[in-house]
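What's counted below: heavy atoms across the whole structure, side chains too, no hydrogens, waters or symmetry copies. This chain uses plain numbering: 1 for the first residue, then up along the sequence.
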Amino acid sequence: MGDMRPTVKDVAKLAGVSPKTVSNVINGVVFVRPETRARVESALVELDYVPNMSARGLRNGRSGMIALALPDLLRPYSAEIVHLVVELAHERGWGVQIEQTAAEPKREFELLSKARAYLVDGLILNPVNLDDSAVMSAGPLPPVVLIGDVDQDVVSQVAIDNVAAARDMTKHLLSRGCRRIAAVGTPEIPRGSSGAGVLAGSAEGPGTAASRLRTTGYRQALEEAGVPIDPSLEISLDRWRPEGAATVVGKYLADHELPDAFFCFTDSLASGALAALWGAGIAVPQQTLVAGFDNILESQFMIPPLTTIDFDRRAFVAAALDLLAERMADKDAPPRRVMIPHRIVERASTER
């Protein structure tokens with residue numbers, strides 16, 4: 001094609017589809033079968049196709065759309081992040097395409113392809129495990145910003161200090177006289193391993209980045225207090241949802257002595273733990289304490305109201321959008337990391 005700009009017809013020929021199908025994929029308003037969409041998006045990337053923005057009436061050579069991809073849209077935390085991203089992006093004149101990755105690298109690859117093909121101007125992505133993330137193996141990246149817990153220096157990122165936050169919450173429970181503190185949401189790590197190298201944020205070992213980092217902080221606080229680490233108090237589960245926590249905590253209560261406290265690695269897990277404790281006739285905080293992480297809206301209305309880790313969600317999202325704007329203006333700019341402070345919100349679930 002020499003120096004000629006590739007056209008929709010060129011993309012259609014390479015993908016083996018009609019030009020109308022290519023337009024449907026680009027515009028995103030008509031359903032296209034996934035396998036056909038994949039062929040078109042692959043052709044868009046291969047030809048380095050750039051839509052004729054002036055013909056589409058768009059300013060600044062951009063679509064005005066960004067994408068937000070979260071692993072699990074059912075989580076209350078995800079709903080709060082989506083709400084803020086849409087609200088703050090609207091203030092910048094951006095529309096937002098919402099996607100669920102289900103922690104599948106294939107879906108991340110598809111979203112990165114859309115960004116490369118200028119179907120969206122940039123992408124905010126929340127990978128749960130760096131080892132599996134498309135960001136680490138997808139080649140040259142479009143404007144992308146990570147939010148959450150993976151430890152990397154490839155792209156810009158907004159995060160909180162999970163290790164410090166978990167350490168602070170464990171210290172809070174220790175200050176209430178607790179010694180046998182169960183952690184709900186830990187990764188499944190071979191009991192013969194100290195886990196020190198795995199839990200410090202590397203991509204090795206099972207479990208999500210958040211699970212590993214929060215387990216590190218939990219263990220650090222115990223070690224600093226001279227409390228032996230008891231592997232039987234580390235409760236793992238596959239998915240961080242209330243029903244999963246209710247099931248595993250219920251089984252734990254049937255087989256183990258009641259701990260002094262339960263530190264749940266999300267508020268959703270804490271709601272499941274509270275349900276299991278209520279079902280077993282165990283009073284909180286009279287017989288055991290419960291703490292969470294994230295300070296979702298529902299945490300203040302749990303019974304009893306939940307002590308939890310909080311951070312400024314609006315500042316978190318605003319920082320992510322600022323970083324994305326930087327990347328959209330200069331995709332070769334060096335990556336930056338913004339850390340958002342955390343605090344403990346004390347409520348009745350840890351009163352003594």
Side-chain angles (χ1 to χ4, degrees), residues 1-73 82 85-86 89 93-146 154-155 324 327-332:
M1 269 179 244
D3 294 330
M4 297 207 39
R5 178 175 176 169
T7 66
V8 167
K9 289 183 178 179
D10 297 323
V11 176
K13 183 177 179 180
L14 181 59
V17 300
S18 69
K20 182 173 179 57
T21 298
V22 175
S23 296
N24 288 340
V25 171
I26 291 173
N27 295 325
V29 295
V30 176
F31 174 78
V32 178
R33 288 186 303 170
E35 57 269 24
T36 303
R37 177 181 292 276
R39 293 207 312 275
V40 172
E41 290 178 349
S42 177
L44 289 167
V45 173
E46 184 173 336
L47 294 176
D48 196 20
Y49 173 81
V50 180
N52 187 336
M53 297 300 181
S54 60
R56 295 172 68 185
L58 298 173
R59 298 179 302 168
N60 303 322
R62 292 185 179 144
S63 69
M65 293 290 295
I66 64 171
L68 168 66
L70 300 174
D72 185 357
L73 294 177
V82 167
V85 170
V86 170
W94 298 347
V96 184
Q97 176 180 328
I98 310 299
E99 300 280 354
Q100 177 173 278
T101 63
E104 293 182 8
K106 180 181 177 183
R107 295 195 189 182
E108 293 183 9
F109 273 105
E110 291 171 355
L111 290 168
L112 290 171
S113 294
K114 285 184 179 181
R116 285 197 195 91
Y118 303 95
L119 303 181
V120 293
D121 298 328
L123 172 63
I124 298 175
L125 182 63
N126 182 195
V128 299
N129 202 345
L130 195 60
D131 222 13
D132 302 324
S133 176
V135 170
M136 302 307 293
S137 57
L141 293 171
V144 58
V145 169
L146 301 190
V154 176
V155 298
L324 188 61
R327 304 301 293 178
M328 288 159 55
D330 181 6
K331 67 179 182 179
D332 297 320

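- Between Val86 and Ile98 the shortest side-chain heavy-atom distance falls below 4.5 Å.
- Looking at every heavy atom in both residues, Arg39 comes nearest to Gly16 through NH2-O, 3.9 Å.
- What you find for Pro143 and Leu324 is that their closest heavy atoms are O-CD1, 3.8 Å.
- Taking OG1 of Thr21 as the reference point, atom CZ of Arg33 lies at 9.5 Å (rounded to 0.5 Å).
- To the nearest 0.5 Å, atoms CE (Met65) and CG (Leu123) are separated by 12.0 Å.
- Nearest approach of Thr7 to Tyr49, heavy atoms of both residues: C-CE1, 3.8 Å.
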Exercise for the section: Evaluate side chain to side chain contact (heavy atoms under 4.5 Å, CB included) for Leu70 paired with Gln100, printing each intermediate quantity in order. Expected result: CA-CA 5 Å; Leu70 300 174; Gln100 177 173 278; over 6 Å; no

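- When every heavy atom of Ala12 is checked against every heavy atom of Pro19, the shortest pair comes out as CB-N, 3.6 Å.
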Exercise for the section: Check step by step if side chain to side chain contact (heavy atoms under 4.5 Å, CB included) holds for Ile66 and Leu68. Expected result: CA-CA 7 Å; Ile66 64 171; Leu68 168 66; over 6 Å; no

Practice task
Verify side chain to side chain contact (heavy atoms under 4.5 Å, CB included) between Leu125 and Thr101, making sure each step is shown before the conclusion.
Solution key: CA-CA 9 Å; Leu125 182 63; Thr101 63; 4.2 Å; yes

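- Of all heavy-atom pairs spanning Gly64 and Asp121, the tightest one is N-OD2, 2.8 Å.
- Side-chain contact between Asn126 and Pro71 is present, with heavy atoms from C-beta onward closer than 4.5 Å.
- To the nearest 0.5 Å, atom CG of residue Asp10 and atom CD of residue Glu46 are 11.5 Å apart.
- When side chains are defined from C-beta on, Val45 does not count as touching Glu41, because their heavy atoms never get closer than 4.5 Å.
- Side-chain contact check for Val25 versus Thr36: every heavy-atom pair is 4.5 Å or farther apart.
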